[in-house]
Structure formats: structure tokens, C-alpha cells
Amino acid sequence: MPQTADVLIPLALDTAYSYAVPAGLVLAEGDVVQIPLGPREIAGVVWGVEERASGGSNLRPVTGLIEAPPLSEPLRRLVDWLARYTLAPKGSALAMALRLPDESARTETMRVGVRSSGKPPARPTAARAKALAVAADGVVRGKSTLAKEAGVSLSVVDGLIDDGALEAVALVPEPVALPPDPDFLSTAHLSEAQAEAAKQLNAAFDAGPPSPRTQGESRDDIVVGALSPKGEGEGSSSEKTLPVAPPHHRSARLALDKEGSALSPRAGRGDAHDASRTILLEGVTGSGKTEVYFEAVAECVRRGRQALVLMPEIALTAQFLDRFAARFGVRPATWHSGIGGRRRERLRAGVAAGDVSVVVGARSALFLPFRQLGLIVVDEEHESAYKQEDGVHYHARDMAVVRGKLEGCPVVLASATPSIETRVNAQRGRYGRIVLPERFGGRRLPDITAIDMRLDKPERGRFLAPPMVAAVKKAVADGEQALLFLNRRGYAPLTLCSACGHRYQCRNCSTWLVEHRFRKALVCHHCGYTERKPEACVECGAFDHLTPCGPGVERIAEEAAELFPDKRIIVLSSDFPGGTERLRQELEAVAAGECDIVIGTQLVAKGHNFPHLTLVGVLDADIGLTSGDPRAAERTFQLLQQVTGRAGRGERPGRALVQTFQPDHPVIAALLSGDAERFYEEEIAQRENAGLPPFGRLAALIVSAAEREVAEAHGQAMARVADPPAGIMVLGPAEAPLALIRGRYRFRLLVKTDRAIDIQSYLRDWLGRSPKPRGNVKVAIDVDPQSFL
DNA sequence: AGCACGCCGACT
DNA sequence: GTCGGCGTGCTC
């Protein structure tokens, strides 16, 4: 019986295309196939197979099966889910999971090995005899290995191959990763609290459903950060204007749920099942979260399943890999954007075959074709680096929760400073929560003291307050390391001409240009626009009147160099001269203690540990509190908590000094009191009081039209008509700060929502009914539920 | 993603 | 007169 295959193509296409399956080829869902598309041939994945007695003869045939790991059922469902949630075309979502070997991989030379063929060489020589003596054991070696071992040159080996005494064989590539040993280190090194936490964590392995793959139908109900339903009783007022969702669309059930909040299909139903399977592992810096989740990884490996540890890319350091090796005997397989070519493909294959049992990777590792995934850990779950902002917009932490659900495996979200949404999910019982309250080894958290800048003013033209100077002086005099933290790159955030008052501004954005003295340039930190620092004022032509206003790390370094001329000072920021590799080296050097005073931006708050650090000085704790970003408070708290937590990880206790103008601000007060709990409660309450969801949901709708008036009319009509269903808020162009009109009248509306999925049907319906002014309005929908909050 | 088609400005 | 910019549509 002839087959027809629906093939999803990794392009911006939302529907699978149908192809005839040639006789002799039998396809299954998930198979990677080559198919003709227009004039070319490309790879796609079989999304469905139909048996057909007749018909299908008008379809173009599948060209062939590609040798690549097929996409498992859960992975295919993840692609579906991702596409629907982000409103991305399915094909684009597929592209994330289908990264086939690129050209460089194919052209890379295959490693050739040699072994003895048993035949004696036609022309024996001394060198040949030596080589053959080594090869006599019949073991396959690389050519260069054999040459080295025998102490002969490569040409001798080549000669023997030509001669027929050695035969060349394709070498089995070395494994991408050695198997980690879950019992390499006994659990005796764990503290009591850690051991208890590990035990609780490991209980999650047995709490799951018997078979995850029988649960297909429930997958729409997966609750992740941004999708979590609101509390009960929130507006259902606009149901009358709720458009009738197209019947073909699944969300009809959700959108038309008459029971109450249409957007909260599961509101009020605590989900004990989820709670035992997605777990927030919360512990202050230095409490040993990593060791705890390593135990879960060990347990997962013991059970013969695979574990995935997700990290923000910058946190994937040698330091971390060594910690892993100390626990498991070997370094883990790693996956990040820099892994390319053959290595990439072999890792994929190893993961698909189940040979690679642990992968540590950045967010894209989420789409690897695991054979039997048994655990996902999301380290530093609050990190905004988990947000993919280009192409398909997704949050890797949320997708990890989704994949965990689809694979039927536990998901651990680890953080010292969890995101608000994760805290809320834990609080509402949707996620489990394990807290490590203390630092490992009885070490104390650093004492944090405020320096009230209204009282303790720095000297004129200086930025370090006297108590800060004194503290740094004492620390370095005692041979300790100090960190001065200022989250501002460059020399000065604003430059003006003291003769005419001209302020240097970016020509693209409305931001001030930041002076970078080292680079002799004025730089826009928003768009990257750079210009040479002018000799004379561009406005009035006055010389020597350019005045830097305010501090950046470079300026602090200048001040520190004057105050502590004999100390080793280093500035660490993301624009470190010499690139990422140099920066990495410098971070290692600092960790090794080869520096007295570190001056750094937020870069130093993440990833690296500095064991010699005892003093952290925060130079402007108030930066970011007034940014207008709804997550400003949360972000600032997380950052300050992390950076102050860097102090005192070694034997000595640490302390932190915080320069601030608002010691009573809730964020600063919570930081000073060390009461994170209080911060979260206040922050969540505040959002609820303001009528905001406790965490972000926002969808952006882009309308582009050939004519500005058309777009504007459309947008205004939309904003007006949109008396939106519960949980959806449509912001008109005037209210939307991001409503940029760029290029040819591209027009952007923001639509705020609980559930991106519902927007799709809502908009389709609304636009379907609306008159099309000139028949020339195109609607593309682009949603990132989290990027704005 | 590629590739064709079609509409507008600026050249040998 | 065309060359070529990109905006738009199509690929089973």
C-alpha cells in the first residue's frame, strides 16, 4: 500500500507538506528525509504518515531517508508546543531541533587508523621493522600515534600502507564524552542539609506518571512561568466581546470556557503531580546547590537515563566542568553555540543513541534528540540569558519545563535568586520547592552594610565614599581581594560641553553616548553606534571643554589607581579588550588571586567564583531601580544579592558595603537585612495590588502595511475595538513605548496577555472579520511572552 | 530559507 | 531605454 508522508520543513512554514513515498521506502514519524521543494532539495522531518490505497499520485516523491537521528515523539511534541506557544511557524520551531551537519562537518577529513595486515613488507627496513613491531598486536592506531610510538616518521607508515603491510581502516571516532561515574565520589562530602535536599530531590524520580508518552492529550495544560494562570475571580467582564474562536482551533475550548476565567483553564486546581516533578531548588550563594543537583544527576545516570544540565552560556566555565569532573570522574559532554562541525554531529548522534548520559549545555541543548531523558536541571533559572530574543522567541527555562513534562522526567530549577514567576509557581504549589538555607561548611553570608550617600559624600569629583575607601584600604592591606562593583561600562555615562552645554547623544536612539576613554570613543550602549571622541565640541567648537559626567568602571579604575597606586587593579567588563578568550583568562587569574582590586560590571556577578574575595563594594546600588522596566526591582535585587554574595567564599568571612541614596527602598532594605523572603513577598504583593499579573506576559503584534495611514487606521481601530477578553490587554500605539515605526511603515502593537495561545485565535478572528482597508494589510504575529517583563 | 516576480529610482 | 533595490508571495 502506498504511503503519503506529511513532512515538516525547517523553514518559516507553518504547515507540513505532503509527499509521495516511493515504493521500497517505509517511513515513520520523526524520520529525517530529503524532499524536493521548488527547485531544490532540502531536509525535513516526517510529521505524519498516511497509508493510501489510491491517490497521492499528484504529489512529488520523497527523495530519500537521511542518516540522522529521528526526532522522538516527545521532541516532536516540543516543537509543536513551542510553535504554538510562540506563534512561530512550525517549521521555524523545527529548525531549532534539526541542526543537520553543515558543510564543514561533511568536508572534514575522516580519521584514518592503521593496523597490521599480517603480510610482511616487500622491502623491509629497520624503520619499517620498528613500526611493524608496534603494530604486531593488531590494535588499530591512528597513523601519527603509530609513528610516534614506534619512533619513526609518518612517511614510514605511509610507505607500509602502500606496501600492503599495514592496512588503513576508518577509525572509530573517539567518544565525545566518557561515561560519568555516578559513584565516583561518595555522598559523604555532603552536609546534612545537602544530603536531605538531595534525598527530597531524588524522590521526584519515582513521583512521575508510569508512562509519559501516553499523556498526549494533556499537553496543552502544561504550566510554565509565563503561562501560569492567574488567581481566581479576575475579570471575566469582557466575555461578551470575546470573539468566537475558529472551530478548527484548539483554543476554542479555552477561549470559550464559560466557567469563568477563560484564560485560566486550570486556575485553582493545584497540581500535585507537577509539584513533585518540577522543583525549585533555592539556596543562597555558596549553599551548595550544585552538589545537590549533582546527586540528582547521579541518580538519573544510575537509572540508566540521560540528564541535561542547562546553564547560561557565560556560566559554562572550566571551573564548573572541573567541579563536575570531581564528582563524576570525567568532564561532561558540553553543548553550546560554539560547538560546530563534526563534533556537533557526533554529540547529537551520541545523545540520540543514548551513549552520552550527561550533557551540560546552553539553551539550545534543550532541542537535542535525547533517547531517554531522565532529568533536566536549569541552573541559575532566573538568568535572562535563557531568553532567546531572535528568530523564535522562547524562554529556555519554560521550554525545559515543557520538555520535562513531555518526556515524563523531573525538572529542577536552581537559583539563589529565583525569578518572580518561578517563586509564584512554587508558592502556588505548582512547582515543588526545596530550600537550602545555609552556606556550606558553616560559612556565614557576608555582612552587608549601607553607605548612605546623602550623609557620607565622596570628595568632589570622586565616587568612592570615605567608608568605602577605608574598607578597601584595610582589605588590600591585609592581603585580601576587593571587588568594586558598578554596573556601568566605559568612563562616563554622559559627556557634555561645558562651554555650550551640548550633550552628546546617539543619532539613532535617544540615549546619551558613553565615553570609552580606553578606546577614545563615544559609544551608544543601546544600539552600538560608535564615534571617535572629538577634539573640539561639535556644536560650538570649543577645545578642552568636554566634561565627563558620572562614573563608569573605567573612571572608577582611575580613581582606585590614584588611591592605591601600588595595588594590582583590573577592570572586567563585557567589552574587555582582547575578546572573550582574554577575558576568560583574566577571570581565571583573578580567581587565582593574581589581583588586589577588581572593578567590574555585572559580568563579575555571574558564573565565576573568586575564592580570595572578602570585600565587595557596590558603588551605585540604585542603578536600575528607576529604569521603568517592570522587572527593575527584581533584576536589581537579584544582581545585588549575587554580587554581594561573592564575598567571603574562602576561609575568611566576607563583607559588603553598598553605596546608596535610598537605603529605605524596599529592594535595598531587603538586601541589607538579608531577608530575600521579604523582598519576594513585597514584590509579588505590589504587582498584584497594581492589577498586574505577578509576572510578565506580553505579546507583540506587528502589522505592516504599504501605507502609513492604513497601518495607523488599522492599529487604532484595533486598540479601540479591542475590548479584550479576560487577561488580554491591547495597547494602542500611543501607549506602547515599543511601537516603533521603522522603515516602510512597519507598525507594532503590543498585546498583553496571559496566554499567547489565545491571542492567536483572538487576532485571527478579529482580523478575519475586519474590513481590510486596501486589501493590503499583512499581519505577522510575533510573540515573546517574557521579553518585555 | 531561497528564488521569482514586480514595482520604483538612477545609470551605462 | 535597462539595472537593481527590496517588498511580496510561493514552495507539497
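Chain naming here is simple, since letters A, B, ... match the order of the sequence lines and numbering starts at 1 in each.
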In whole Å, I'd like the distance from the CG atom of A:Asp14 to the C1' atom of C:dC12.
15 Å
Hits for side-chain contact (heavy atoms from CB on, under 4.5 Å) against A:Leu27, two or more places apart or cross-chain, chain-then-number order -> A:Gln3, A:Ala5, A:Val21, A:Leu25, A:Asp31, A:Val33, A:Val46, A:Val62, A:Leu65
To the nearest Å, how far apart are A:Tyr19 OH and C:dT11 P?
10 Å
Between atom CD in A:Glu41 and atom P in B:dG2, what is the gap in whole Å?
15 Å
Sugar-phosphate, base or nothing in reach of A:Leu13, heavy atoms under 4.0 Å:
base
A:Glu381 and A:Thr422 side chains, donor-acceptor separation under 3.5 Å
yes
d(CG, A:Leu37; C1', C:dC10) in whole Å
9 Å
Take the protein atom CD1 of A:Ile9 and the nucleotide atom P of B:dA1, then report the distance between them rounded to whole Å.
14 Å
If you look at every strand shown and take non-hydrogen atoms under 4.0 Å, does A:Pro36 touch a base, only sugar-phosphate, or nothing?
sugar-phosphate
Is there a donor-acceptor pair closer than 3.5 Å between any side-chain N or O of A:Tyr386 and the backbone N or O of A:Leu310?
yes
Using a strict threshold of under 4.0 Å (side-chain N to carboxylate O), is an ion pair present between A:Arg76 and A:Glu73?
yes
Where the side chain of A:Arg60 is defined as all heavy atoms beyond and including C-beta, which of B:dC3, C:dC12, B:dA1 is the nearest nucleotide?
C:dC12
Rounded to whole angstrom units, what separation is found between the CG atom of A:Leu8 and the P atom of B:dA1?
14 Å
Taken to the nearest whole Å, CG/A:Leu94 to P/B:dA1 is 13 Å
Could you tell me how far apart A:Ile42 (CD1) and C:dC12 (C1') are, to the nearest whole angstrom?
11 Å
